Every structure is written in structure tokens, then in C-alpha cells.
Amino acid sequence: MSSISHPSLSNEDAARADDLHDWLMSSRPLEWWAESASTAGGLPRWYTRLHSELLLLTTGDEVEAVFVTPNVEKFAAVVTVVSTHRLIFARVDAEEGSDSYEAHAISRRGVRDVRVEERFGLIGRDSRRDWPGDLTVIVDVAGLAEPLRFGPSPHTTVGARKPDMYAVLQSFLANLGANRSL
């Protein structure tokens, strides 16, 4: 990973910028689209905008996980960042000449329900499979029409950073516990 640098970034922002870049480049489609559209001036506009806005929307938070859901045929992706206090959503169109883009953040205080899907179970589990493994976490958030599904992506690069799904589950369960006391 190359370092994202700018003289005006604080050490904290520079570390988060590198962290976000590492997460984003873990998605094979995003990595390929960014590299194929790179110019002599660096990464394409859609990527620099995506990265910059995610950096701004995670200000003051720690990034816990990033999930990229690409639509390979349309050169588009939905990026969801789970940070300590927010959920950040971005939609990007990486097709050449397109400038379709949006990003917004919502508070995690709206977490109302957490569910999991774990395919293998603990009893009789193959000893080579770690517990809990590649589970999917489903989260209902007040104000969102559909539940959010977080799970490992089949589009990650080899040796890429992958979300710790058990840590993601624990984090959302902590939100759920905190919201019950409100």
C-alpha cells in the first residue's frame, strides 16, 4: 500500500487516510477500476472523491470495517464504512466520464435489531474452521427501509484486509445494548 500524504493532514487523519485506502483497495473491482483509470496525475477523480469524502465523514471515529458491494457490469459500487459511531454509505460510478456519486453518514444510535447467519454451527464443526467463521451480520437501523447485511465479500483481493466479522457483531451488539438503556 502506498501512503496517502498531504502536508495539511494531521497524523490521525493521515493514518485514517491510509487505513481507508487499504480497505478500498482490498476490493478487486475497485482496485482494478482505479488502476485502469489512473492517469499521470494519479488516481481517477471518482476514487479521490470517494476516498476524500469517506475520510471527512469518519472524522473523529475509528474505522472498524469497510464493505464494498460492486456491480461489475455497471462499473459501480456501494461502499459501507462501519466506524465507531457512524455508518457511512457511498455510491460511486467508476465508468469513464461519469460523475455519479453520493456519500452520507448516519448515527449508529439507530440500531434496533441485530441478527446473524452462521452456516456451519459449532456442534460437529470441522476443526479447521475457526469459530465463528465467516458469518453474516444483519442490522436493522431506524430510518432505513431495508436491513443492512454485512458479510465477507467474494471480491476481495488475495491477501487483502478482511473485516473481522465477530468484532463487527460485537460492536453492533454493544450499540443494541446502549440503545436499550435510552
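Bear in mind the structure is a predicted one, so any value in this text is a computation, not a measurement. Computation of the quantities below employed the complete heavy-atom set of this structure, encompassing side-chain atoms and omitting hydrogens, waters and symmetry-equivalent molecules.
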Between atom CG of Leu176 and atom OG of Ser171, what is the distance when rounded to the nearest 0.5 Å? 11.5 Å
Is it the case that the side chain of Thr59 and the backbone of Leu56 share a donor-acceptor pair, with hydrogens and angles ignored and the cut-off at 3.5 Å? yes
Heavy-atom nearest pair, Leu9 first then Ala14, reads CD1-CA, 4.0 Å
How long is the gap from OG1 on Thr80 to CG on Leu54, to the nearest 0.5 Å? 9.5 Å
Are Leu144 and Val114 grouped together when hydrophobic residues (ILVMFWY) are joined by side-chain heavy atoms under 4.5 angstrom apart? yes
Do Val82 and Ile106 sit in the same hydrophobic cluster, where Ile, Leu, Val, Met, Phe, Trp and Tyr count as joined when their side-chain heavy atoms come under 4.5 Å apart? yes
Candidate list Leu135, Thr136, Val139, test side-chain contact (heavy atoms from CB on, under 4.5 Å), partner Phe150, passing option: Val139
Atom pair CG (Leu87) and CG (Asn175), whose distance is rounded to the nearest 0.5 Å: 8.0 Å
When rounded to the nearest 0.5 angstrom, what is the spacing between CG in Asp18 and CZ in Arg16? 11.0 Å
Note, Val116 side chain near Met165 side chain (heavy atom, < 4.5 Å): no
Side chain to side chain, Val79 and Trp23, heavy atoms closer than 4.5 Å: no
Nearest-0.5 Å distance that lies between atom CZ in Arg112 and atom CG in Asp140: 10.5 Å
When every non-hydrogen atom of Phe67 is compared with those of Pro163, the smallest separation belongs to CE2-CG, 3.6 Å
Determine whether a donor-acceptor pair (N or O, by modelled atom type, separation under 3.5 Å) exists between the side chain of His51 and the backbone of Ala17. yes
With the side chain counted from C-beta on, respond yes when Phe172 and Arg115 share a heavy-atom pair under 4.5 Å apart, and no when they do not. no
Heavy-atom pair of closest approach, residues Ala90 and Leu50: CB-CD1, 3.6 Å
Val168 vs Glu64 side-chain heavy atoms within contact, under 4.5 Å: no
Sub-3.5 Å donor-acceptor pair from the side chain of Ser27 to the main-chain atoms of Leu24, do we have one? no
Could you check whether any side-chain heavy atom of Glu31 comes within less than 4.5 Å of a side-chain heavy atom of Met25, counting everything from C-beta outward? yes
Do Leu57 and Phe89 have side-chain heavy atoms sitting under 4.5 Å apart? no
Asp61 CG to Arg86 CZ distance, which is reported to the nearest 0.5 Å: 4.0 Å
